[in-house]
Asks: 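First the structure, then my questions, so here it is.
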Amino acid sequence: MENTNEMQLIFDSRSSNESFARVTVAAFMTALNPTVEEVSDVKTAVSEAVTNAIIHGYESEVHNIYIRCRTEERTLYVEVEDKGRGIEDVEAAMEPLFTTKPELDRSGMGFSFMEAFMDGLSVVSEPGKGTTVKMKKIVGKGRKLWTAQPL
Amino acid sequence: MKYQVQENCLTIFLPHELDHHNAEEIRKESDHLIERNHIRYIIFDFEQTAFCDSSGIGVIMGRYKRIYMLGGEVCAVHTNERMKKMLTMSGVTKIMHIYEEDE
């Protein structure tokens, strides 16, 4: 299909890789010509998902985190996967302020921010197998489509 | 990360990117300063901060709990529109005053 693009990223679940992950996804989406606001939205959402994988999925052990990105026309699809401990009750975990680690100063706002800043969010998880967060962002909503001539 | 202590007031100059990675550092360093200097007031300065996620909100909530127990207060300065939106969404604005430029 035309106007699609894909990339995959596999990296260690270290907190120092959080900024690498969000900046890479942000760089990938620039082809869609997003606004600064839209880039910030995606960066925040990716950061939340990766942080969750590190703290909750792998509980600070170092294993692989997988990010898969796809653009289709004006839509960016992002999947963040870990093969960690999984979530027992996904619905409860997605409630604002819900956290299993308040002692680590977790605010419990991760999924709420992902929901607020993206145009679609679904979470697939199986205890003991891992978690996949699937998100979607439509770039240029409410903006007139324009095309620039290549130089 | 820079910190400034003036009597019982601690100003935390937050970094360019406030995520889980450097939230940990701020948590440790500021708690140490709070204990050592009998801090009662904390000012979070967002001037340099272009990126923040829920880990940043967690740091603020955690410091608030500590300071509140000691009978003090926390506030924020130099917050941009995006930061305000995130602070409001998470309900932090109910416990923390945000000062505007000209106040």
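Each chain gets a letter, A, B and so on, in the order its sequence line appears, and its residues count up from 1.
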Asks: Does atom CD of B:Glu73 have more than 12 heavy-atom neighbours from other groups under 6.0 Å away?
Replies: no
Asks: Can you confirm whether more than 12 heavy atoms, excluding those of A:Arg85, are under 6.0 Å from its CZ atom?
Replies: no
Asks: Is the CD atom of A:Glu88 crowded by more than 12 outside heavy atoms at less than 6.0 Å?
Replies: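 Check fails, neighbour count at 12 or below.
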Asks: Tell me whether B:Phe44 shares a hydrophobic cluster with B:Leu33, the cluster being built from Ile, Leu, Val, Met, Phe, Trp, Tyr side chains joined at under 4.5 Å.
Replies: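 Yes: a chain of side-chain contacts under 4.5 Å links B:Phe44 to B:Leu33.
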Asks: Roughly how far apart are A:Leu104 CG and B:Arg27 CZ, rounded to 0.5 Å?
Replies: 5.5 Å
Asks: For B:Asp19, is there an ion pair with A:Arg22 - N to carboxylate O distance below 4.0 angstrom?
Replies: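 Looking at B:Asp19 together with A:Arg22, the answer is yes, because their closest N to O distance falls below 4.0 Å.
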Asks: In the structure I gave you, are the side-chain heavy atoms of A:Thr44 and B:Met86 within less than 4.5 Å of one another anywhere?
Replies: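 Yes; the side chains approach each other to less than 4.5 Å.
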Asks: Transitively linked via ILVMFWY side-chain contacts under 4.5 Å: B:Met96 with B:Ile42?
Replies: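 Per the 4.5 Å side-chain linkage, B:Met96 and B:Ile42 are co-clustered.
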Asks: Crowded around B:Gln6 CD? As in, over 12 foreign heavy atoms under 6.0 Å?
Replies: no
Asks: Would a hydrophobic clustering, with Ile, Leu, Val, Met, Phe, Trp and Tyr connected at side-chain separations under 4.5 Å, put A:Val46 with A:Met94?
Replies: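 Same hydrophobic cluster.
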Asks: Under a 4.5 Å side-chain heavy-atom rule over Ile, Leu, Val, Met, Phe, Trp and Tyr, are A:Val90 and A:Met114 clustered together?
Replies: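 Yes, A:Val90 and A:Met114 fall within the same hydrophobic cluster.
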Asks: Find the distance between CG (B:Asn80) and OG (A:Ser40) and round it off to the nearest 0.5 Å.
Replies: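 The distance works out to 8.5 Å.
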Asks: Chain A heavy atoms under 4.5 Å from B:Met61: which part of the residue, side chain, backbone, both or neither?
Replies: side chain
Asks: Are any of the side-chain heavy atoms of A:Phe111 and B:Ser54 separated by less than 4.5 Å?
Replies: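 Side chain of A:Phe111 against side chain of B:Ser54, heavy atoms only: no contact under 4.5 Å found.
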Asks: To the nearest 0.5 Å, what is the distance between OG on A:Ser47 and CG on B:Leu18?
Replies: 9.5 Å
Asks: Using a strict 4.0 Å threshold on nitrogen-to-oxygen distance, state whether A:Asp41 and B:Arg82 make a salt bridge.
Replies: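 Salt bridge between A:Asp41 and B:Arg82, a charged N being under 4.0 Å from a carboxylate O: yes.
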Asks: For the residue pair A:Glu18 / B:His20, report whether a side-chain donor-acceptor contact shorter than 3.5 Å exists.
Replies: yes
Asks: Can you tell which part of B:Lys65 gets under 4.5 Å to a heavy atom of chain A, answering side chain, backbone, both or neither?
Replies: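 It is neither, since no heavy atom gets under 4.5 Å.
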Asks: Look at B:Ala50, B:Gly91, B:Ser55, B:Ala23 and state which one has the largest set of heavy-atom pairs under 4.5 Å with chain A.
Replies: B:Ser55
Asks: Checking side-chain contact (heavy atoms from CB on, under 4.5 Å) between A:Ser19 and each of B:His21, B:Glu17, B:His16, which is the one that passes?
Replies: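 Running side-chain contact (heavy atoms from CB on, under 4.5 Å) over B:His21, B:Glu17, B:His16 with A:Ser19 returns exactly one hit, B:Glu17.
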Asks: Closest heavy-atom contact between B:Met89 and A:Met109?
Replies: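 For B:Met89 versus A:Met109, the nearest heavy atoms are O-CE, 3.7 Å.
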Asks: What is the minimum heavy-atom distance between A:Leu97 and B:Ser90, and which atoms define it?
Replies: CD2-O, 4.3 Å
Asks: In terms of hydrophobic clusters joined by side-chain contacts under 4.5 Å, are A:Val124 and A:Ile87 together?
Replies: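 Unlinked, A:Val124 and A:Ile87 end up in two clusters.
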